[in-house]
Amino acid sequence: MRNDPAVKLIDSKGLRVDGRRLDELRPIKMEVGILDKANGSAYIEHGKNKILAAVYGPREAHPKHIALADRAVVRCRYHMAPFSVDERKSPAPSRRELELSKVIRESLEPAIMSEYFPRATIDIFIEVLQADAGTRCAGITAASLALADAGIPMRELVAACAAGKIEGKVILDLSDIEDKKGEADLPVALLPKSNVISLIQMDGSLSDEEFRQALDLSTDACRKIYEMQREALKLKYHIVRDGTEDKEEMAEVKA
Amino acid sequence: MRNDPAVKLIDSKGLRVDGRRLDELRPIKMEVGILDKANGSAYIEHGKNKILAAVYGPREAHPKHIALADRAVVRCRYHMAPFSVDERKSPAPSRRELELSKVIRESLEPAIMSEYFPRATIDIFIEVLQADAGTRCAGITAASLALADAGIPMRELVAACAAGKIEGKVILDLSDIEDKKGEADLPVALLPKSNVISLIQMDGSLSDEEFRQALDLSTDACRKIYEMQREALKLKYHIVRDGTEDKEEMAEVKA
Amino acid sequence: MRNDPAVKLIDSKGLRVDGRRLDELRPIKMEVGILDKANGSAYIEHGKNKILAAVYGPREAHPKHIALADRAVVRCRYHMAPFSVDERKSPAPSRRELELSKVIRESLEPAIMSEYFPRATIDIFIEVLQADAGTRCAGITAASLALADAGIPMRELVAACAAGKIEGKVILDLSDIEDKKGEADLPVALLPKSNVISLIQMDGSLSDEEFRQALDLSTDACRKIYEMQREALKLKYHIVRDGTEDKEEMAEVKA
Amino acid sequence: MSATQQFSPVAKLEQKTVVDLILKGKRVDERGPLDYRPLTIMLGTVEKANGSAYVYLGKTKVLAGIKVETGTPFPDTPDEGILTVNSEFVPLASPTFEAGPPNENSIELARVVDRGIRESKAIDLKKLCIDPGKKVFMVFVDVYVLDHDGNLIDAAAMAALGALVSAKMRAFEVHNGELKYKDEKIPLPMLNYPVPTTSVKIDGTIVLDPCLEEEQVMSCRLTVTTDKDDKVCAMQKGGLGVFTPDEVKQIVSTSISKSRDLREKILSKVK
Amino acid sequence: MSATQQFSPVAKLEQKTVVDLILKGKRVDERGPLDYRPLTIMLGTVEKANGSAYVYLGKTKVLAGIKVETGTPFPDTPDEGILTVNSEFVPLASPTFEAGPPNENSIELARVVDRGIRESKAIDLKKLCIDPGKKVFMVFVDVYVLDHDGNLIDAAAMAALGALVSAKMRAFEVHNGELKYKDEKIPLPMLNYPVPTTSVKIDGTIVLDPCLEEEQVMSCRLTVTTDKDDKVCAMQKGGLGVFTPDEVKQIVSTSISKSRDLREKILSKVK
Amino acid sequence: MSATQQFSPVAKLEQKTVVDLILKGKRVDERGPLDYRPLTIMLGTVEKANGSAYVYLGKTKVLAGIKVETGTPFPDTPDEGILTVNSEFVPLASPTFEAGPPNENSIELARVVDRGIRESKAIDLKKLCIDPGKKVFMVFVDVYVLDHDGNLIDAAAMAALGALVSAKMRAFEVHNGELKYKDEKIPLPMLNYPVPTTSVKIDGTIVLDPCLEEEQVMSCRLTVTTDKDDKVCAMQKGGLGVFTPDEVKQIVSTSISKSRDLREKILSKVK
């Protein structure tokens, strides 16, 4: 986070570098069930982010000693392809990827009914094919769809989006340049129906008041993304096996 | 593989840098049973290659979860001593060594009656003490002897030798400089009695016709090496315990 | 070890750089039971060395396959904090730390009644917070106290101290500059009541006669350090739970 | 891969005791919900380090040490020194810590401490440039957890801050990219003083500065790092539970005021 | 150490079905013995990469990405750029793939793909030298297996080739060893187009392009990579079975002709 | 972490036999207590190495190889070459050796061999400086244990010494920090010849050069390395037992005289 006066991130009309308003999301595209071998999968394009998520499980815990007697172990790997960023990234997991794997897991676990599957594992894999700021949020949104696609019972879907600050203004959904040149980034994951936060991180500089604004902006955006997730799930089930679109509904009713 | 015009690999008499004809093997020396602790062992000098092979097993699989219910697990490690090559090699296994361990294992397994030893492991260790092109082939030849020396029942011995191409001519058994300056290398492992190929790899450039010539050259050579292997085994058993030289025969009969 | 003529390690009065006589120990401070979570702990300042030792166990062996049927497995880790030395040390264990972990374990095991705890582990952790020559000896002295503090039955305490040689003279308890500029270092660990040596290493150059002098010097010093250990244990038990100071006595009587 | 953690089993009865107290507005160690445990800071205990601080937060003990060395700058910030925060959960500190490379909890802690220092611009990294693109000073902050009785992030960040503000490096001059040391010692170029406070939610109630017993029954935690100007500069949620947006806002406001006291306490230690 | 692999158990009945079909000259997905599955290639999907190609081979999916960076040449080829092929079997792609460093199958795949490119002299590495002995361009080919339904080597090598032929790097000039970038983009200096085809032997019958079910019952496989001039440039046998010399010769001849079609298909995608 | 080792079970009866013999002043292989096993040294077997030595000590076999390369000196010894000793317990040598990075026994062996060479100043490292602070020769000593029948440290150190004294490097000149090789070969600049002897204590009796069966019943071992001037230059105790100070003194005296014979034997091999 650095405030670089040479770069103008908001123009005279109050529009951002990519033409968005301050509270506007980037274009988002979601697709469910696109992999053959995974039990569930989803693909998301959020701005220029391109991310695949897949779920395997519930399956037998391996090695056995990691199993828990009263619930499934949820495992999560967030990983970036070497070609996903400007400078080639080593495929070995970085400290950043290890941290994100943890907070993403913790953002999804509250929504998963892991108590239904003692001694099993539910494995979530997120592969960032192209990164453009906000990969953890887009990854959570996609992983949530992949979990639903795998038929894992969930209390509800999880949707995620960041807010932040550039040139003194609170804005929604930072792009790469806004993340690098801006003043704050606040990724948030929401369980929209319960209106509870399962991931929140921040870096940069925000006053108490700015923080409250940014939090409201991001939770509102999560609710919009949640609607898109529902559409994506419906679309998949319309196409793939007509008549079964109420599967996700069921999962929610159970919750 | 690079064709370097400055170096003359074949002279006006059609002889190679080390004086060999195009279809001539390098000098080969084999010795069986030279280590005390291993269940079986062999040493080979093939040209300037100096290679030790040892076998442990059949022994109890450790850790247990690697065991197979219907056959022995065969494990193989091809490894080069740090001082075996021109520039010191790190002792940590390289990607090349990992690949060669796999293809060498796959070249030997067809000959091993692993079905006799469910839940056991048969471990094959190949240490290259000095390398001079063709280490994988010489390693297979030696490992096959070490397996026989360990008394592992085998369908037949495995013999290996490379052919290749230098200055447009198909040749047998490349030396180090021929490998580096030549145009193709084709290592082959043969089960000579059944006349079947258990290892084949190639790099360089060969036409369909050249490939056929090279393949014939290498399989012929494998048959010669096989005769040397039989001699080496006989020698060992004559010396060590006179009268037991038909042990290998027996293994073959079983097959 | 290098003899650097530019540095004067012994002055005209026969005193060393820090004012000590040739056979004089550095100031030593010990404190027992200073950590809350460990089963036993001790802190030592020996010269400028600052070292923490902690003991966990006897506890169930994990993973199980490391357990021994007839005794406890003793495990030991000697580790230096990155900021403990002049140039920052990587936190990954160095080959030196791996070797010292082994010889320190072997110096303590003869004193531990590990046969009382089959299938268990006793874990000893030594963290060097600041290093100033002689860390292995000070670490052994502290670890021995931590074992006693954990209530592990011991045949007796282990005390350790180095002797060495500077400018041709045999001396006791080398400081950092004496270790670097001197001619020999001889760390020794003693079980003082039995007068037996459980650790001895040496590097440098000593004649047979010099070695004998140095060994006597270091074993004498171990006996002094042993008295300090007893004081430290008494102090702890006076303060913490008055009336139980004979606990260590008991352990010794058992031995 | 990150995996649901196996907690060491805590007796149900013991868990119930902790929760029952919380529900009555009390705590196992007799504090109020928003009270911090006693905090003690000792500076300069490791003389070989450029700076060091030993923090006691209740029974939690953390030692941080600073080393200043020279190295090559990152290509994208050629004129800035390098800050590296590393954390070791040494097995001295807890029966649950194992020897080996840092696990995800240790990495998370180091990255949260790092974020607070970096995002508040606590160190003036431009002043640590020697020869742009070629040579800069590297500031290593090594956090050593020695006794784990809960709330390691706050203890670690305060130890790191204490070590940084009391650190000394050799004064230097640069002539044509050539580094020359002078005799005296100078402090690090500090511009800001980030302090985190961590709150946890236990059965719907928010309490500050959890001890280990409380962490074992918590639903989730939220760490908020604020700077000398009351700005939030880093946040991190952990754990398998969830917060309402109002809870988060409340925690942020509380953290801002609580951090002021802690910051003052740390800075008062430096002469 | 390389060890006999534990295959996930496949029902005997299912295995029998696959084999029985093969023996009748048929296949589970209704192809003939020497038919390839439908091949789709999408180029340039990852804009941040210098080149990328997404290959669908039946239900197998592989993504390859190219990155061009600068680095130091190897001592024995001071005037040549560096080619590095890496492969990741990401656990998305199969229940049998595990997170972690590449295993022997992943390494073998990368090395076979590498061998095809290197031995056919597909890239003119001399044109990627900047300052001999000091600075050259490095071409990283990263192969990402996303869905594993068999014949990963062919899919990976074709994705790598597609990514290479469609890759763009910034045009550059070198003055006295100094690198200067220009505004336009240029393709990589490609000289050859290696394409592998893999055959497997199932109960004595040779079929091309195995799907996963076929790989699970195969005796062994043979990959033959050929170049634009119908020369064989790389071969790799895998699996625990054996080939007769005649089978090998037959496979090589088939591969040469089959690769021509595949090569044409890939190159037709590049404008 | 270092842990008590699990020994492969040795039948009690077999153990008793070894011990009973020792108590009678005899040994399993009919030697006397202070006799060394037959020692054979073959020099130069690995022609590609700068030096090599194959040591047979009874049935124990160790191969050491020397490589001389150029590299950067350590900052604290800018004008000295670098000595690196590495040891591999390759799994050929014993059913108890496993493939993988060196374990603590292998590291201990390498460090004891290293200490003997380094502390006796066996190699004149100053003569291996090319350009102070920038470029020096690095001498790699790689010890390869091929058959483990006990007393690996002595066999390894003697193989290392044999390889060093027989090693040849290319003659060189240095002009203004520039390295120029000449045609002839020269030996390494050797100044001293350290030789270790290892004694073990079995049921109170001290014997030299233990074979594997003796190591399996020993209480502890003591290695004493002495140099050409009868000075002790390195020592290492191992094992879970203890020595009295008198035992240690006695072993040191014995080692000094025993090493003389071994040193002579090794040096006599070099022309």
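By convention in this document, chain letters (A, B, ...) are assigned in the order of the sequence lines, proteins followed by strands, and residues within each chain are numbered from 1. This structure is a prediction, so every number in the text was calculated from the model and none was measured. Below, each value reflects all heavy atoms present in this structure, side chains not excepted, and no hydrogens, waters or symmetry copies.
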At a heavy-atom separation under 4.5 Å, does E:Leu212 approach chain A through its side chain, its backbone, both, or neither? side chain
Check each atom of A:Val55 against the heavy atoms of chain E and say whether the ones under 4.5 Å are side chain, backbone, both or neither. neither
Segment of A:Ala146 engaging chain E (4.5 angstrom heavy-atom cut-off): neither
Can you find a heavy atom in the side chain of A:Arg59 that is under 4.5 Å from one in the side chain of E:Pro95? yes
Taking E:Lys48 for the side chain and A:Leu129 for the main chain, is one N or O donor matched with an acceptor at less than 3.5 Å? no
If one checks every heavy atom of A:Ile34 against chain E at 4.5 Å, the contacting part turns out to be backbone
Is there a side chain to side chain contact (heavy atoms under 4.5 Å, CB included) between A:Gln130 and E:Glu47 once you walk through the steps? CA-CA 8 Å; A:Gln130 181 160 279; E:Glu47 301 90 350; 2.6 Å; yes
Report the C-alpha distance between A:Arg88 and E:Asp142 in whole Å, list the side-chain angles of each, state the deciding distance to 0.1 Å, and finish with yes or no for salt bridge (Lys or Arg N to Asp or Glu O under 4.0 Å). CA-CA 10 Å; A:Arg88 180 179 183 266; E:Asp142 280 289; 2.7 Å; yes
Bottom line for A:Ala81: the part with an atom under 4.5 Å from chain E's heavy atoms is both
Counting only non-hydrogen atoms closer than 4.5 Å, does A:Asp123 touch chain E with its backbone (N, CA, C, O), its side chain (CB onward), both, or neither? neither
Can you tell which part of E:Ala99 gets under 4.5 Å to a heavy atom of chain A, answering side chain, backbone, both or neither? both
Tell me if the CD atom of E:Glu178 is crowded by more than 12 foreign heavy atoms within 6.0 Å. no
What do you reckon, is CZ of E:Phe74 surrounded by more than 12 foreign heavy atoms closer than 6.0 Å? no
Can you tell me how far the OH atom of A:Tyr56 sits from the CZ atom of E:Phe97, to the nearest 0.5 Å? 8.5 Å
With rounding to the nearest 0.5 Å, note down the distance linking CZ in A:Phe83 to CG in E:Leu63. 4.0 Å
Is chain A contacted by the side chain of E:Pro91, its backbone, both, or neither, given a heavy-atom distance below 4.5 Å? both
dist A:Leu35:CG -> E:Asp147:CG (nearest 0.5 Å) comes out at 4.5 Å
Are more than 12 heavy atoms, taken from residues, nucleotides or ligands other than E:Lys182, located less than 6.0 Å from that residue's NZ atom? yes
Flag the one option from A:Leu52, A:Asp86, A:Ile126, A:Asp132 with the top tally of heavy-atom pairs under 4.5 Å to chain E. A:Asp86
To the nearest 0.5 Å, tell me how far A:Glu87 CD sits from E:Lys67 NZ. 8.5 Å
Which is it for A:Arg77 and E:Glu98 under the salt bridge (Lys or Arg N to Asp or Glu O under 4.0 Å) test, yes or no, and what are the steps along the way? CA-CA 11 Å; A:Arg77 188 174 98 130; E:Glu98 285 175 26; over 6 Å; no
d(A:Ser84 OG, E:Tyr144 OH) to nearest 0.5 Å is 7.0 Å
State, with a plain yes or no, whether a side-chain heavy atom of A:Pro91 is found less than 4.5 Å away from one of E:Asn86. yes
State, with a plain yes or no, whether a side-chain heavy atom of E:Leu92 is found less than 4.5 Å away from one of A:Lys37. no
